[in-house]
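All remarks here apply to the structure that follows.
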Amino acid sequence: METHFSKEQLKDKDNISSEKIFRKCVHCGFCNATCPTYQLLGDELDGPRGRIYLIKDMLENNKPANEKIVKHIDRCLSCYSCMTTCPSGVNYMHLIDHGRSHIEKTYKRPFNERFIRNFLSKILPKPTNFKIIIILAQFVKPFRFFFPKKVREMINFMPGKFPKKTLPNMNVHPAKNKKKPVARVALLTGCVQKVIAPQINEATIRLLNRHNIEVVVPKGINCCGSLNHHLGKSDLADQTFRKNISIWYNEYLKNGLDAIISNTSGCGTTLKDYGFIFRSDEDLKKKAKKISELTRDITEYLDENVKLNFIKNKENTKDHKIAYHSACSMQHAQKIHDVPMNLIKKTGNKVFDIPEGHLCCGSAGTYNLLQSDIAKKLLENKISNIEKIKPQFIATGNIGCITQIANGTKIPILHTVEIIDWYTGGPKPEVLRKL
Ligand code: SF4
Ligand code: SF4
């Protein structure tokens, strides 16, 4: 694709990177074939190629975003299915991030939208704020029909109760053999996940400790920053990124870290991108690159480093049929698909890919709250494809997908790490108690 950035524009680091990406695009449109929004809406501007043109036009012409551009960019799920399909290696992720940040700087959204986006940006990344909102939501739930549609849907998404925690909050979870751990890793416990599904972090910690790995949860790290990053709120995301990089890097220098573990593929994707985000920052680029290099999805880490010790007991029979939902951030962004499935297969159960598994379930961070009509349609399609397998339960590696899919089916859904923990001596996951 020809580009027309001026010399002045090419002094900006983001323009430099985006220009290189635009030049790789050959307009072939293959990406449209696997784009969920293009498939649903059939509009060129709701596909990757159309969005690339919209972003290019804004950036090259120093054009402020307008209602039409915002509509089509907002409808993008950031699922990166287009990146898996693209034969030219176009990094659409970096383009859409740049586009969103430009929109946030140049476009004033209507009051309601601004209010909801600011609300999400302030509440979700902070576990204490989020807990308060969950409690308040219980009081207003009976009156939700009086609220505007978007608020009503947010209230519907709030969990009815806080799941019980079974592990104490500690900064260091010692390995089984405290004196001789085989490795030391940091765990990103996250923001939303640790409030609504603490069992995922607990299974991760138990499993690693049991395999003689020390797990550190450094104080001060909650959100990875991706929530604000994807809302285009670059300044807020930047603050979180900087804080996280400095805390993890200090821990790495002072006490040593073999890896930084993410058990939410959306967050893992952003952590692996810290190096790119700070590529031009003289103070942080080396540290950010190191953090990205250290980051592993929990399944990746287990596969590369741990000889899993599977244990037989009365509760973990091997006759389950499991549907594996490959989260977009896992399969398209991090290119991890077979590894989690193969780990689950080691438990002796049967694991199946979901038909049309490359398509998003509609979760996509805050997408199911901000673009609920499209998200609902994608969820319906996902559930119908899952039902074709007739599984006893569903496994996946991303809390957003777990929440979204659980809203559309009674088939239990859980995190891959909960299954591995269960089959290596951990408790049977709560969600499967009735199986
Ligand atoms: S990220 Fe997903 S929704 Fe967005 S353009 Fe690519 S395939 Fe389509
Ligand atoms: S598939 Fe790749 S090269 Fe072809 S239009 Fe899409 S982004 Fe451009």
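Positions are given from 1 along the sequence. Every number for a ligand or one of its atoms is a count from 1 in the order of the listing. What's counted below: heavy atoms across the whole structure, side chains too, no hydrogens, waters or symmetry copies.
Relative to the ring axis of Y249, K290 does not place its NZ or CZ within 45° and under 6.0 Å from the centre.
Exactly one residue among L77, I374, D46, L41 makes a side chain to side chain contact (heavy atoms under 4.5 Å, CB included) with P36. That residue is L77. A side chain to side chain donor-acceptor pair (under 3.5 Å) with T84 is found for exactly one of H358, Q331, H332, namely H332. Among K63, R51, K68, the single residue meeting the salt bridge (Lys or Arg N to Asp or Glu O under 4.0 Å) criterion with D57 is K63.
Summarising the geometry of C224 relative to Y274, their closest heavy-atom pair is O-OH, 2.7 Å, with the distance given to 0.1 Å. The minimum heavy-atom distance linking I196 with P159 is given by the pair CG2-CG, 3.5 Å. Between M158 and A137, the closest heavy-atom pair is CG-CB, 3.7 Å. Heavy-atom minimum distance, L257 versus A186: CD2-N, 3.6 Å.
Ring geometry for F241 versus F278: interplanar angle over 60°, hence perpendicular rather than tilted (30 to 60°).
Within the structure, ligand 2 has P87 among the residues with a heavy atom less than 4.0 angstrom away. Residue contacts with ligand 2 include G29, since one or more of its heavy atoms lies under 4.0 Å from the ligand. Ligand 2 has at least one atom lying under 4.0 Å from a heavy atom of I52. For T85, the heavy-atom gap to ligand 2 stays at 4.0 angstrom or more.
Given atom 3 (S) of ligand 2, the protein heavy atom at minimum distance is V26 N, 3.3 Å. At the shortest separation from atom 2 (Fe) of ligand 2 among protein heavy atoms lies C86 SG, 2.3 Å. Counting only heavy atoms of the protein, atom 8 (Fe) of ligand 2 lies nearest to C25 SG, 2.4 Å. Of the protein's non-hydrogen atoms, C28 SG, 2.3 Å is the one closest to atom 4 (Fe) of ligand 2. Atom 6 (Fe) of ligand 2 has its closest protein heavy atom at C31 SG, 2.3 Å.
Using a 4.0 Å cut-off between heavy atoms, Y92 contacts ligand 1 through its side chain alone, with no backbone atom that close. No part of M1 comes within 4.0 Å of ligand 2, judged by heavy-atom distances.
Numbered from 1 in the order shown, with element, the atoms of ligand 1 that lie under 4.0 Å from a heavy atom of R51 read 3 (S), 4 (Fe), 5 (S), 8 (Fe). Using a 4.0 Å cut-off to heavy atoms of C35, the atoms of ligand 1 that qualify are 3 (S), 5 (S), 7 (S), 8 (Fe). The distance from ligand 1 to the heavy atoms of P48 drops below 4.0 Å at these ligand atoms: 5 (S). Of all atoms in ligand 1, numbered sequentially from 1 with element shown, those under 4.0 Å from a heavy atom of Y80 are 1 (S), 2 (Fe). Short contacts between ligand 2 and S88, defined as distances under 4.0 Å to a heavy atom of the residue, involve ligand atoms 3 (S).
Between T269 and S226 the shortest side-chain heavy-atom distance does not fall below 4.5 Å.
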### Task
Take D74 and R109 through the salt bridge (charged side-chain N to carboxylate O under 4.0 Å, His left out) test and state the conclusion after the steps.
CA-CA 12 Å; D74 277 359; R109 292 174 183 274; 2.7 Å; yes
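At least one N, O or S atom of C79 sits under 2.8 Å from atom 2 (Fe) of ligand 1. For atom 4 (Fe) of ligand 1, the N/O/S atoms of C76 include one lying under 2.8 Å.
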